[in-house]
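Residue numbers begin at 1 in each chain, while the letters A, B, ... track the order of the sequences.
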Amino acid sequence: MAKDHTNFFNSVYDVARLIPPGRVTSYGAIAHYLGSKGSARIVGWAMNASGIHEDVPAHRVVNRAGILTGKHHFGTINPMQKRLEAEGVIVVDDKIQNLDQVYWDPTVELAL
DNA sequence: AGTGTGACAAATG
DNA sequence: ACATTTGCCACAC
């Protein structure tokens, strides 16, 4: 995990893949876990720049408020929200409701 | 090699 | 409380 951090992107993808089903995390949390707390934007950009990777559940990555900020980038459709709901995440108005229940923090869960 | 950007976040006005 | 601006750091051109 996150061994090939030759590119920050690679690390982001690794962490994103580690997100367990039914859970979500924030860009800042991933960035913080990677050591670059202030690079929250890079995390989101990683998905965008790389194009939605199939192995990378970008739909499980939301902003600090638990809002599906990037759902627009998934396309006109909303597989992002649909996926989350399928995982058991309550999403209303593009925003996660039970965020406290589904929030997954790598710095805590992967606390080394 | 420098500039611009970006699916955020926190700080002001 | 809400809206807007700055800061941030790594990648693409």
Side-chain angles (χ1 to χ4, degrees):
Chain A
M1 316 27 177
K3 45 183 69 171
D4 282 328
H5 67 259
T6 55
N7 293 331
F8 204 87
F9 286 30
N10 213 321
S11 299
V12 175
Y13 300 144
D14 276 330
V15 178
R17 283 191 222 124
L18 293 174
I19 301 174
R23 295 275 187 255
V24 296
T25 189
S26 59
Y27 301 96
I30 296 175
H32 186 6
Y33 173 71
L34 296 176
S36 299
K37 181 185 175 188
S39 57
R41 328 165 62 154
I42 326 287
V43 178
W45 201 27
M47 313 300 189
N48 177 35
S50 222
I52 320 299
H53 277 234
E54 299 173 15
D55 295 331
V56 180
H59 55 273
R60 288 188 193 144
V61 185
V62 295
N63 71 347
R64 193 68 170 143
I67 304 171
L68 284 61
T69 43
K71 83 147 194 180
H72 227 25
H73 289 259
F74 268 78
T76 50
I77 55 177
N78 57 330
M80 186 174 185
Q81 181 173 332
K82 192 124 187 211
R83 278 266 200 205
L84 290 170
E85 293 183 307
E87 302 270 310
V89 179
I90 312 289
V91 179
V92 177
D93 190 38
D94 303 331
K95 181 174 60 184
I96 295 171
Q97 301 301 297
N98 52 347
L99 181 61
D100 295 333
Q101 303 174 49
V102 300
Y103 188 73
W104 180 82
D105 191 336
T107 62
V108 176
E109 304 298 327
L110 302 180
L112 305 179

### Message
Between A/R60 and A/E87, is the salt bridge (charged side-chain N to carboxylate O under 4.0 Å, His left out) condition met? List the steps.
### Response
CA-CA 10 Å; A/R60 288 188 193 144; A/E87 302 270 310; 3.1 Å; yes
### Toward the 5' end of DNA chain C, by each residue's nearest nucleotide, A/F9 or A/G38
A/G38
### Query
On DNA chain C, nearest-nucleotide positions of A/A49 versus A/K37: which is more 5'?
A/K37
### Query
Is it true that atom NE2 of A/H32 has more than 12 heavy atoms of other residues, nucleotides or ligands lying nearer than 6.0 Å?
no
Which residues pass the side chain to side chain donor-acceptor pair (under 3.5 Å) test with [X], sequence neighbours left out?
{"X": "A/D105", "value": "A/T107"}
{"X": "A/N48", "value": "none"}
{"X": "A/Q81", "value": "none"}

### Task
Strictly below 4.0 Å, heavy-atom distances to any atom of DNA chain B: list the hits from residues 57-70 of chain A, or just say none.
A/A58, A/N63, A/R64, A/T69, A/G70
### Contact residues, residues 84-91 of chain A to DNA chain B [heavy atom, < 4.0 Å]
none
### Query
Are A/N7 and C/dA10 close enough that a side-chain N or O sits under 4.0 Å from OP1 or OP2?
no
Side-chain donor-acceptor distances from residues 35-47 of chain A under 3.5 Å, at least two apart:
| from | atom 1 | to | atom 2 | distance (Å) |
| --- | --- | --- | --- | --- |
| A/S39 | OG | A/S36 | O | 2.6 |

### Task
From the options C/dC11, C/dC9, B/dA9, select the nucleotide whose nearest atom is closest to the side chain of A/S39.
C/dC9
